[in-house]
Protein chains: 2
Amino acid sequence: MPASSDTPSSRRERPAKPALTRAGLVAAAVAVMETEGLHKVTMRRIAQELDTGPASLYVYVRNAAELHAAVLDELLGRVEPPSEDGTWRERLEKVLTSYAHLLLDRPALARSALVARPSGPHYLDLIEILLALLAEGGVPDGQAAWGVDVLLQHATATAAEHAGRTPGARDREDWHTLETALRDADPGTRPRTAALSGPLLAGPPDARLSWAIQALINGILHTPTP
Amino acid sequence: MPASSDTPSSRRERPAKPALTRAGLVAAAVAVMETEGLHKVTMRRIAQELDTGPASLYVYVRNAAELHAAVLDELLGRVEPPSEDGTWRERLEKVLTSYAHLLLDRPALARSALVARPSGPHYLDLIEILLALLAEGGVPDGQAAWGVDVLLQHATATAAEHAGRTPGARDREDWHTLETALRDADPGTRPRTAALSGPLLAGPPDARLSWAIQALINGILHTPTP
DNA sequence: ACCTGAACACCGTTCAAGT
DNA sequence: ACCTGAACACCGTTCAAGT
């Protein structure tokens, strides 16, 4: 620990540049993500945060994508573990909802989770938890294995999808465009869309997520693998 | 028009720079995407293709994301319409499979489809088709409306997910990392994962997609909306 | 081994100026 | 109105050189 030779708060109160480690790098990246969003988690920005040049980071991380993946896994550590009481279905829904909300609050991370192939320890923990709950519900092994993928994929995609809907977001317009396109569908050429524009757009995200999770569970439970 | 003082096919046979239009811009973008991939569809690259500067494109398109969305919608026009024969389930699966394969062949586009909020005419056509098929199957309106979202989301996410698995891909490693992480799961700490690592990884993409679509349909069919 | 300054090869977007 | 050169403010990654 070389953080020794400093007189009490010398130059500008900076806490004596700690040695660079992978953990420190990831921690800095998480901090920047929480305060400024994932789009600021760039090699250059994090390097600056750590008082070095971008080239230095490549000692600990293969590329920028790997850094984003590490940030994601860090966050996955905050998924709430299954509660003690309730049916397996309720507990399963709770875990997935907790996961979804984590991402719902971090739009850009949700989008990156969809595109990255997570493989960190916290992601593996999450898979184990979901498999255990499905086993508890008596879901056959093969269906459980394939089902976990579908469940996580849906929760992630939903978070990424609704991420743009928040007040201050850049891409609110995209939503508005789709909304009006559906609402203004011509009953002549697109009758079903016109008739269902209400339900297509209706429902708070939470209600839709909850319904989708239950529908997914029902499907997984009742559809044998080949 | 300063392109006048040319003798028949002067300088390098270039076919007399056609007037710029939105359609021409999108066509150029689609061409570049098909030949070089979406990551080459940048404002600068397309501008170069059209013999102009990047600033000129902003007359027809608000930003790069809108250009990508236009390319996506163009491609959605190639989804196969439902066949005449077969049950509604079979026809529904075929449409979704056709959609998924379109994206499976274009990794980067699949990823962008997941993150963009499509609202083009071809996307609306697709929604109409899916709603009609679900109606034919007797799926209640509310469930059909919410179900369409889940079905499209799954097909898109699956395409994006398996996109990286192709031979020449950059991110093959991501897959390999997850694969070995699952296969090497410690039976002590992650027993379910260790036991199911086979099924978790098994199955050709087509079989998994087909199973998931059927599971989704079953779930949608048997889960009433609130 | 670890670290880094500097460079390479790109981006998207804006804006003042031209036609 | 439409178009554009040039600039602004960024990127990721590599590499030769330093310690």
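Scope of the values below: all heavy atoms of this structure, side chains included, with no hydrogens, waters or symmetry mates. Just so it is clear, the structure is predicted and the values come from calculations on it, not from any experiment. Throughout, a chain's letter reflects where its sequence line sits, starting with A, and its residues are numbered from 1.
Residue A:Leu57 contributes atom CG, which lies 15 Å from atom P of C:dC2 at whole-angstrom precision. For the pair A:Tyr58 OH and D:dC11 C1', the interatomic distance rounds to 10 Å; values are reported in whole Å. Distance B:Ile46 CD1 to C:dT13 C1': 16 Å, rounded to the nearest Å. What separates CZ of B:Arg44 from P of D:dT4 is a distance of 15 Å, to the nearest Å. For the pair B:Gln48 CD and C:dG12 P, the interatomic distance rounds to 12 Å; values are reported in whole Å.
Comparing D:dT4, D:dC3, C:dT4 by their nearest atom to the side chain of A:Thr52 picks out C:dT4. When each of D:dC11, C:dC3, C:dG5 is scored by its nearest atom to the side-chain atoms of A:Ala55, the top-ranked nucleotide is C:dG5. Here D:dG12 is the nucleotide among C:dG12, D:dG12, C:dC2 with the atom lying nearest to any side-chain atom of A:Met43.
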Read 5' to 3' with Watson-Crick or G-U pairs under 3.5 Å, [ ] for crossing pairs and | for partners on another strand, DNA chain C gives ||.|||||...|||||.||
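Among residues two or more places apart in sequence or in another chain, the side-chain contact (heavy atoms from CB on, under 4.5 Å) test is passed with B:Asp125 by A:Arg190, B:His122.
Atom CG of A:Asp206 sits about 4.0 Å away from atom NE2 of A:His101, to the nearest 0.5 Å.
Residue B:Thr42 is in sugar-phosphate contact alone, with no base atom involved, counting any heavy-atom pair closer than 4.0 Å across all strands shown.
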